[in-house]
Amino acid sequence: MKQLPEPFRIKTVEPIRMTTREYRLRKIKEAGYNTFLLRSEDVYIDLLTDSGTSAMSDAQWAALQMGDEAYAGSRNFYDLEATVQNVYGYRYFVPTHQGRAAEHIMSKLLIKPGDYVPGNMYFTTTRLHQELAGGTFVDVIIDEAHDPTSTHPFKGNVDIAKMQKLVDQVGAEKIPYISYETCVNMAGGQPISIANLKELRAFCDRYGIKIMLDNTRTVENAYFIQQREPGYAHKSIKEIVKEICSYTDGCTCSAKKDGLGNIGGFLAMNDEDFYIAAQAEVVVYEGLHTYGGMSGRDMAALAQGIRESVETDDYIRYRVEQVNYLGTLLSEAGVPHVVPHGGHAIFLDARRIVPHIEQDEFPAQALAAAIYVETGVRTMERGIVSSGRDPKTGQNRHPKLELVRMTIPRRVYTESHLRFAAEGVIELFQQPQRVAGLKFVYEPKQLRFFQARFEPVTAVAETVLK
Ligand SMILES: *Cc1c(COP(=O)(O)O)cnc(C)c1O
């Protein structure tokens, strides 16, 4: 396919600043070798996350001025509600301030202590809320998802045999729902197929298990379906998004990603009792059910963003193909990373880039720190640190995937920014001994990757990093 230029032109710019290597070495030490603890102004190109980092359109900025900041019944709530109903097709809508708040409320309402919650790979906040509600997460994604070299076109798919095994082991009555994620983040932004979702629907109907969609990246997933799944080439992104949702019973959503919002999230569902119960929870934890932690202007900008995400197919084509561009530069230089390229990020394979670092010395964490020092580009760890400890045994989980995520904010960076980031990574890839293993100096109990602090394992290692 011919690469098309960005389907927008630039109207406002935000200056960014390059720093020296010496300065960055000092800053990463001060940040405990954790890129989450760096200050944004010390970062040149910020590929930490695609969450809430999108550039808004002129129509979104205009919408901010139309915020109705009434405590109750803001017109922006009704507009957002209608937009979610129209784009995703669910009957009921409950706003929250972001995705994890929706996960909290859903987990609290649907999971009983002792239940099992299968999912196509875990997501950090999703699994934590399942565990806090007394549930046990069970990974039912296909094996290919755990292999960064497998070129399966739909590595996000659920393995129905793994679902059957779980039902046989614990009984369907102990499985309230499956958490089904589009463009599975922890697998490398890997899509699900409609064929898999239909098969799962039939399976779940047989056992009375609900399908709750993690709707955070359904638009990106729809693009992969349009490109790869037989019968979908001539369907619009808007049609495919709605079709995906139609096979599910409801969703949680972080609207800070596909939704092009800087903040926001929601729960949506078709079941009226669940809706009423969720509204009752939202007033306890988020705010009234007509704002759920968002201001009127946030809801206005978000509604406009959700509409833009599916209005034409041009936006999402640009979005996913830009990620592919970064991945292609790395492929050409032989830098190991997860293939096929995902929808929101390129995931470097730290196991193969820094094979001299044992998993217990946090190779992906160390690589992300080194990338910052060498290039000023901020990335993040998705490996053993993100995976955390097993709540029952207290032991570190050892995921197969040990990755550094280079996440692309939407509509923010140009091709030359991405080329610069790729060139920096390629240079480091050629001198892997610059990267040294780490050990914890502070380990938070939950979601430790956000706030953990590290230091190099040995004094020798520290000189190497210098
Ligand atoms: C970001 C994300 C969440 C959590 O949403 P927040 O808005 O960060 O709270 C849940 N699931 C997936 C797949 C995500 O990427």
Side-chain angles (χ1 to χ4, degrees), residues 36 47-54 84 88 94-108 117-133 137 139 141 145 155-156 158 177-192 211-222 224 244-245 248 250-268 282 285-286 292-294 298-299 301-302 305-306 309 319 323 342-345 347 380-382 386-388 401 403 405-410 446-447 449-451:
F36 274 102
L47 307 184
L48 182 76
T49 173
D50 63 330
S51 180
T53 53
S54 301
V84 167
Y88 304 112
V94 180
T96 59
H97 80 282
Q98 61 185 80
R100 71 197 69 182
E103 292 169 347
H104 169 213
I105 290 168
M106 181 174 77
S107 302
K108 202 160 172 277
V117 187
N120 50 346
M121 207 174 263
Y122 82 99
F123 185 73
T124 51
T125 57
T126 318
R127 182 175 63 192
L128 179 61
H129 281 296
Q130 292 163 358
E131 289 170 354
L132 291 172
F137 166 82
D139 189 5
I141 203 166
K155 282 164 92 172
V158 162
Y177 64 92
I178 172 170
S179 177
Y180 192 76
E181 185 184 333
T182 35
C183 266
V184 180
N185 196 347
M186 303 302 286
Q190 301 296 324
I192 56 92
I211 302 178
M212 301 310 290
L213 183 68
D214 184 332
N215 192 13
T216 302
R217 294 188 180 79
T218 302
V219 181
E220 287 166 4
N221 200 124
F224 287 116
I244 293 171
C245 296
T248 69
C251 76
T252 54
C253 186
S254 169
K256 300 170 69 174
K257 284 94 171 213
D258 265 2
L260 295 166
N262 294 135
I263 193 74
F266 59 87
L267 272 161
V282 121
Y285 295 105
E286 294 288 293
M294 286 181 277
D298 293 334
M299 292 191 284
L302 181 55
I306 290 173
S309 73
R319 158 70 178 156
V323 174
H344 67 300
F347 291 72
M380 71 171 284
E381 194 258 12
R382 277 307 186 209
S386 292
S387 198
L401 296 176
L403 309 174
R405 190 178 75 183
M406 302 178 78
T407 339
I408 319 295
R410 295 169 181 79
Q446 291 167 347
L447 302 176
F449 57 97
F450 283 130
Q451 291 153 338

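For clarity, every value in this text was computed on a predicted model and none was experimentally measured. Just follow the structure's listing: the first ligand is 1, and inside any ligand the first atom is 1.
The heavy-atom pair separating I244 from T182 by the smallest distance is CG2-CG2, 4.1 Å. Across every non-hydrogen atom of A101 and T96, the tightest pair is CB-CB, 3.8 Å. When every heavy atom of N262 is checked against every heavy atom of G52, the shortest pair comes out as ND2-O, 3.0 Å.
Considering only non-hydrogen protein atoms, atom 13 (C) of ligand 1 sits nearest to E181 OE2, 3.1 Å. In terms of protein heavy-atom proximity, atom 3 (C) of ligand 1 is closest to F123 CE2, 3.4 Å. Annotation: atom 6 (P) of ligand 1 to nearest protein heavy atom, Q98 NE2, 3.3 Å. The closest protein non-hydrogen atom to atom 15 (O) of ligand 1 is R217 NH1, 2.7 Å.
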**Message:** Evaluate D298 against H97 for side chain to side chain donor-acceptor pair (under 3.5 Å), listing each step before the verdict.
**Reply:** CA-CA 10 Å; D298 293 334; H97 80 282; over 6 Å; no
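A donor-acceptor pair under 3.5 Å is formed between the side chain of D258 and the backbone N or O of V219.
Inclusion of G99 in the set of residues having an N or O under 3.5 Å from an N or O of ligand 1 is warranted. By the 3.5 Å distance cut-off applied to N or O atoms, S254 is counted among the residues near ligand 1.
If you number the atoms of ligand 1 from 1 as listed, the ones under 4.0 Å from a heavy atom of K256 come out as 7 (O). Near T216, meaning under 4.0 Å from any of its heavy atoms, are these atoms of ligand 1: 11 (N), 12 (C), 14 (C), 15 (O).
One option in D214, N185, T125 has a heavy atom closer to atom 12 (C) of ligand 1 than any other, and that option is D214. For the residues E103, K257, H104, R100, the heavy atom positioned nearest atom 10 (C) of ligand 1 is part of E103.
Between F450 and F36, the ring planes are perpendicular. Angles over 60° get that label, and only those under 30° would be called parallel.
In this structure, R100 forms no cation-pi arrangement with F123, as its terminal cationic atom is not both closer than 6.0 Å to the ring centre and no more than 45° off the ring axis.
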